[in-house]
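Naming: A, B, ... by sequence-line order, numbering from 1 per chain.
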Amino acid sequence: MFGRRRPGAGGASRPAADARYGRAGAGRARAPVLSRPHGRQSGLPGVVGLRPAGGGALRGLCRGAAADAQRRAGGHVRRRRARRRGHRGRTGQRTVRTGDAGGSGAGRAPVDADALRPHPPGGSGPSAGSHRIRAGGLARRRVHAIFPRSPGAASAAPPFRVSGKGIGMADIAKRSVDYNRWYQDVIQAAELADNSPVRGCMVIRPNGYAIWENIQRILDAKFKELGHVNAYFPLLIPKSFLAREAQHVEGFAKECAIVTHHRLKQVTENGKTTVIPDPESKLEEEYVIRPTSETVIWDMYRKWIQSYRDLPILINQWANVMRWEMRTRMFLRTTEFLWQEGHTAHATAAEARAETLQMLEVYRWFAEEILAMPVITGVKTANERFAGAVETFSIEAMMQDGKALQAGTSHDLGQNFAKAFDVKFQDAAGKVEHVWATSWGMSTRIIGALIMTHSDDEGLVLPPRIAATKAVIVPIWKNEEEMAQVCAAADGLAAQLRVAVGPVHVDRRDNMRPGWKYAEWERKGVPLRIELGPRDLAGQQVMMVARHDRKKEAVGFQQLAEAVTSELARIQQDLFDRAVTRRRENTHVIDSWEAFTGLFDGPGGFAECHWCGDGDCEKAVQEKTKVTIRNLPLVRDETPGACVHCGKPSIGRVVFAQSY
RNA sequence: CGGGGCGUAGCGCAGCCCGGUUAGCGCGCCUGCUUCGGGAGCAGGAGGUCGAGAGUUCAAAUCUCUCCGCCCCGACCA
């Protein structure tokens, strides 16, 4: 994810990773990330001989298989046609998009977007003598006046903007029927993102951005704990910079947006006024919108580094980047995306390698502990290496359709960029040498992975640790008096819960019924729902319902904070366990080509196979089956065997899968 | 960038083939009343440059051309 694959030849065998830093398996036992590994990584034996790979990249043939799967299941296009036909052919019966028995949609209740917005104090005061509460805009404002939003409640305002029902109301396609459609539907239904007027770019909506903010907050804290600092480098990169590192330019040249002018000019043609780039403002040196920042950063590092005393430099940047992709998908591949890119400079190769592995471990920790997403840490093959890297490491996750998704990468850049940008330092002995570099990144793509790891046919499912709203309280009432009592109690409980578990929202909208609210919060992935009605109030208890398994439990007011805390922990663990189980069930040790093609013609998943280490052999597999080597796990079976494709000797198993 | 599909109200769609009053329907939205423990009911109402631009025509959502966008497939990739 961090970078372009290196298009050209790979290096010879590289030192392998220290197994300490990788967790390949379900990895309940975690390697702590708390301290920087000190000392050198001694040279380690090759994980597998990574041979020089041939030139041009061979790319994601993997899509075809997904397409097949989709065709099998009845694809998008067919679905649409069916809908159209349905309208024409069947008398009066509309074609319903999913299995919703509601059909006519008669059962949809109204929702008011305004209900949760703070109302201006003026003009919303209760008017004496009026007791009309429930209906109508004005009356609704009175409700808010009766129950003013407390400062506490306001500060814990939901990241979910409660929108009108018209938005995100589309039924969600079933995963089993149309996985791609389902993915898009979930994003729409949970209001995570929307298409923008700019091709291939998305608008990240508040619900989606809240997830990104949590990702930023948690990762940023971890980076800083490990000694990194943040900085910001410019969006525009002089075109010539890209050309400095041969592999790098080859990797990125095809998808750069280029700034050529600095001024627009109004022109009127056939009575229409429009704007064009002013020919007189053409730039002498054109700029490239960064596809990644290695070049600008290393140009600066040259100025900042003279002696070993200036090292290491451990800088991270939170930024947007742009890669002109042919085909885009929300979060997974957009023309512009947000990410974090770390760029470090070191005095020794060993230190750089240690940093690379340390950050890989950070990503592993983050994916597994925070996102409840099990990942395989490993080394990329030469074919899949970042353009300009000596070695690329990745974390790979399995999505619910069995395909792999690279969720974070960490690169050992060796001295490639130091040489390209002439960054040298003098060591303690007075010797001048190029510095050693790393870079590592995680992007908004991880949100796509998060969606595809946990969500279900009802909508988004979020692990509590990354969810912006941990729980939502739905008060239930029949009349004004009950409403007052129930809402007051809900506010009190919410205040306690906020202290215990963080953001909690009280959904006091009075224009929709509880059932509607349940469905809405489920779509939006809030991990826990707490129902509180008059009967509960009488018994001093609530009903607590988990989003992911709908487990329902009555909890007394006194035990609530504790119960919610432990229930959120249970949810977090369940989601992780569920994902681990799914991965295990869809991971197969495969030793014959027949079994290999059988797996990927059929259900798909991960295949642990022997591989000879030859890049051409890897490409041949890809061309035949659309399956690629995801990585060479840091912890893996190193029993010798025969390559699953060509039969040549192999010194260990690697992970094959179709990928996003 | 090649192949296919689709752009009509916030969402989902009909109308287009065969050009002709004020462009319809469901949901949502607004107003009122009744409702409220799993997606409420009735009544009234608002909302449209028919993706954009040219062209043909007395007349274009409808026919022609160009462009833009979205979706699927291929190529490419985080």
N/O donor-acceptor pair under 3.5 Å between A:Arg547 side chain and A:Glu522 backbone: yes
Taking the [atom1] atom of each, how far is [N] from [M], in whole Å?
N     : M     : atom1 : value
B:A59 : B:C73 : P     : 44 Å
B:U66 : B:A14 : C1'   : 28 Å
B:A40 : B:G24 : P     : 30 Å
B:C25 : B:G15 : C1'   : 11 Å
B:G7  : B:G51 : C1'   : 6 Å
B:G28 : B:G41 : P     : 8 Å
B:C71 : B:C29 : P     : 27 Å
B:U8  : B:C13 : P     : 9 Å

Can you identify which nucleotide, out of [options], has its nearest atom closest to the [X] side chain?
X        : options             : answer
A:Asn180 : B:C72, B:C70, B:G37 : B:C72
A:Arg327 : B:G38, B:A78, B:A75 : B:A75
A:Lys254 : B:A78, B:G38, B:C76 : B:C76
A:Thr334 : B:C76, B:A78, B:G38 : B:A78
A:Gln406 : B:G37, B:G74, B:A78 : B:A78
A:Asn195 : B:G38, B:C70, B:G37 : B:C70
A:Met326 : B:C1, B:A78, B:C71  : B:C1
A:Arg323 : B:G74, B:G38, B:A78 : B:A78
A:Arg550 : B:A78, B:G37, B:G38 : B:G38

Quick one, [X] and [Y] - any side-chain contact, counting heavy atoms below 4.5 Å?
X        : Y        : value
A:Thr328 : A:Phe337 : no
A:Val655 : A:Ile629 : no
A:Leu405 : A:Met452 : yes

Identified pairing partner of [N], criterion: Watson-Crick or G-U wobble below 3.5 Å:
N     : result
B:G38 : none
B:A52 : B:U66
B:A46 : none
B:C17 : none
B:G74 : B:C1
B:C27 : B:G10

Atom pair distance, as rounded to whole Å: [atom1] in [X] and [atom2] in [N]:
X        : N     : atom1 : atom2 : answer
A:Asp185 : B:C72 : CG    : P     : 11 Å
A:Met512 : B:C30 : CE    : P     : 10 Å
A:Tyr660 : B:C76 : OH    : C1'   : 17 Å
A:Gln340 : B:A78 : CD    : P     : 17 Å
A:Glu396 : B:A78 : CD    : P     : 11 Å
A:Glu294 : B:A78 : CD    : P     : 13 Å
A:Gln188 : B:C71 : CD    : C1'   : 13 Å
A:Met452 : B:A78 : CE    : C1'   : 12 Å

Distance-only donor-acceptor test (3.5 Å): side chain A:Glu522, base B:G38: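 When only heavy-atom distances are counted, A:Glu522 does reach the base of B:G38 through a donor-acceptor pair under 3.5 Å.
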Under-3.5 Å donor-acceptor pair between A:Asp536 side chain and B:G37 base: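 Pair found.
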Aromatic A:Trp440 / basic A:Arg364 pairing, under 6.0 angstrom, 45° off normal: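 Geometry flag: not set, cation outside 6.0 Å or 45°.
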Test: A:Arg529 cationic atom under 6.0 Å from A:Tyr518 six-membered ring centre, within 45° of axis: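 Yes - A:Arg529 lies over the ring of A:Tyr518, closer than 6.0 Å to its centre and within 45° of its axis.
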Between [X] and [N], does any side-chain N or O lie under 4.0 Å from OP1 or OP2?
X        : N     : result
A:Arg513 : B:U35 : no
A:Arg199 : B:G69 : yes
A:Arg535 : B:G37 : no

Touch class at under 4.0 angstrom, heavy-atom based, for A:Gly200 against every strand present: sugar-phosphate
Whether A:His411 and A:Phe386 hold their rings parallel, tilted or perpendicular, with breakpoints at 30° and 60°: parallel
Nearest-nucleotide 5' precedence on RNA chain B, A:Ser196 against A:Pro514: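 Taking each residue's closest nucleotide, the earlier one in sequence belongs to A:Pro514.
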Electrostatic pair A:Glu458-A:Arg550, nearest N-O below 4.0 angstrom: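 Salt bridge between A:Glu458 and A:Arg550, a charged N being under 4.0 Å from a carboxylate O: yes.
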